[in-house]
Amino acid sequence: MPTIYEEITEQMKAAMRSKDTDALGALRGLKTALMNAQVAKGNVHEELPLAEAQAVVRKQIKQREDSIAMYEQAGRADAAAKEKAEIAVLAAFLPKEMTEEEIMPVLEAVIAELGATGKKDMGRVMKEMQARTEGRAPGKVLSRLVGAKLS
């Protein structure tokens, strides 16, 4: 199975061949962000572990989601569409997200194990849920479900 770095390179080649500027821009930005993360970690010649690389991808997606909100607020549908296309390219590097139905049994088990009873326990439950879902569940969804369960 190719590493995330190899996959980015292959997709960049394919985007260049097909002259897909949106995909190419997203992939180049991702490659730069990964290199910056490697530099920040202190070793440019060593690839980031998969979990850290996926965190970088999530950060890139979050930046684009924020841009979409600003573009839509300013009435720039063309720029928002470009950002959405880039998100689609970047999302391919992440594992499939868990559905709410898949999250609920994990949440109920965590609440039972921690003995959580109310909103005051939300931080502990969220921390454990984020560890158990390993980034496959969006933070907003987790927060909403945990809040609803603990209210």
Side-chain angles (χ1 to χ4, degrees), residues 1-111 122-150:
M1 186 167 156
T3 67
I4 193 167
Y5 293 89
E6 293 166 347
E7 187 65 30
I8 290 169
T9 302
E10 288 305 312
Q11 286 192 24
M12 283 177 70
K13 289 176 186 176
M16 282 187 242
R17 281 188 213 107
S18 65
K19 296 183 178 18
D20 185 350
T21 56
D22 290 342
L24 186 58
L27 292 166
R28 283 181 173 157
L30 177 57
K31 193 170 186 176
T32 300
L34 287 168
M35 287 297 290
N36 289 340
Q38 286 175 261
V39 169
K41 196 170 180 184
N43 192 349
V44 188
H45 304 291
E46 193 172 302
E47 292 183 354
L48 293 173
L50 182 60
E52 290 179 33
Q54 288 176 343
V56 172
V57 174
R58 278 190 200 87
K59 187 175 180 182
Q60 291 290 303
I61 290 174
K62 177 75 172 114
Q63 288 173 349
R64 282 165 178 78
E65 287 171 346
D66 294 343
S67 295
I68 288 170
M70 288 190 297
Y71 285 139
E72 288 176 346
Q73 194 174 29
R76 302 255 336 261
D78 57 327
K82 181 181 184 288
E83 296 289 332
K84 288 177 184 174
E86 289 184 3
I87 287 176
V89 171
L90 296 173
F93 294 101
L94 295 176
K96 183 180 156 286
E97 285 188 355
M98 295 174 75
T99 63
E100 289 186 21
E101 292 77 28
E102 294 170 326
I103 295 171
M104 288 310 290
V106 178
L107 176 59
E108 289 168 1
V110 167
I111 289 173
M122 189 163 172
R124 290 187 313 142
V125 173
M126 280 296 295
K127 183 176 180 182
E128 185 64 26
M129 283 299 295
Q130 287 172 334
R132 290 201 189 176
T133 58
E134 299 170 341
R136 293 179 295 131
K140 290 179 183 178
V141 173
L142 280 180
S143 180
R144 181 175 48 81
L145 293 175
V146 170
K149 210 59 166 151
L150 293 178

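All figures in this text were calculated on a predicted structure; none of them were measured in a lab. All residue numbers in this chain count up from 1 along the given sequence.
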**Report entry** Qualifying residues under side-chain hydrogen bond (donor to acceptor under 3.5 Å, both in side chains), relative to K13, sequence neighbours excluded
**Finding:**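 For K13 there are no side-chain hydrogen bond (donor to acceptor under 3.5 Å, both in side chains) partners, ignoring immediate neighbours.
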Report task. Check side-chain hydrogen bond (donor to acceptor under 3.5 Å, both in side chains) between E128 and all other residues, then give those that pass, not counting sequence neighbours. Result ->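 With sequence neighbours excluded, E128 shows a side-chain hydrogen bond (donor to acceptor under 3.5 Å, both in side chains) to R132, given in chain and number order.
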With sequence neighbours excluded, what pairs up with [X] under the side-chain contact (heavy atoms from CB on, under 4.5 Å) test?
| X | answer |
| --- | --- |
| V44 | M35, V39 |
| M104 | L107, E108, L145, K149 |
| A69 | none |
| K127 | none |

From [atom1] ([X]) to [atom2] ([Y]), nearest 0.5 Å:
| X | Y | atom1 | atom2 | value |
| --- | --- | --- | --- | --- |
| R124 | L150 | CZ | CG | 9.5 Å |
| T133 | I103 | OG1 | CD1 | 7.0 Å |
| S18 | Q11 | OG | CD | 10.5 Å |
| M12 | L30 | CE | CG | 9.5 Å |
| I61 | Q54 | CD1 | CD | 10.0 Å |

For the student: nearest non-hydrogen atoms of [X] and [Y], plus distance:
| X | Y | result |
| --- | --- | --- |
| A15 | L24 | CB-N, 3.9 Å |
| L90 | A26 | CD2-O, 3.9 Å |
| I68 | A80 | CG1-O, 3.9 Å |
| A33 | V56 | CB-CG1, 3.7 Å |

Which residue pairs satisfy the salt bridge (Lys or Arg N to Asp or Glu O under 4.0 Å) criterion with at least one member in [range], sequence neighbours excluded?
| range | value |
| --- | --- |
| residues 83-94 | R64-E86, E72-K84, K82-E86 |
| residues 42-60 | K41-E52 |
| residues 17-38 | none |
| residues 92-102 | E100-R144 |

Query raised in the report: Where do Y71 and D78 land on the side-chain contact (heavy atoms from CB on, under 4.5 Å) test, with the steps shown first?
Result: CA-CA 9 Å; Y71 285 139; D78 57 327; over 6 Å; no
Query - Residue list, salt bridge (charged side-chain N to carboxylate O under 4.0 Å, His left out) with R136, at least two apart or on another chain - result: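 By the salt bridge (charged side-chain N to carboxylate O under 4.0 Å, His left out) rule, R136 matches no residue at all.
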Requested in this report: Might you work through the side-chain contact (heavy atoms from CB on, under 4.5 Å) test for L34 and I8, ending with a clear yes or no?
Outcome: CA-CA 11 Å; L34 287 168; I8 290 169; 3.4 Å; yes
Query raised in the report: Are side-chain heavy atoms of V57 and I4 found at a separation under 4.5 Å?
Result: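 Of all side-chain heavy-atom pairs linking I4 with V57, at least one is under 4.5 Å.
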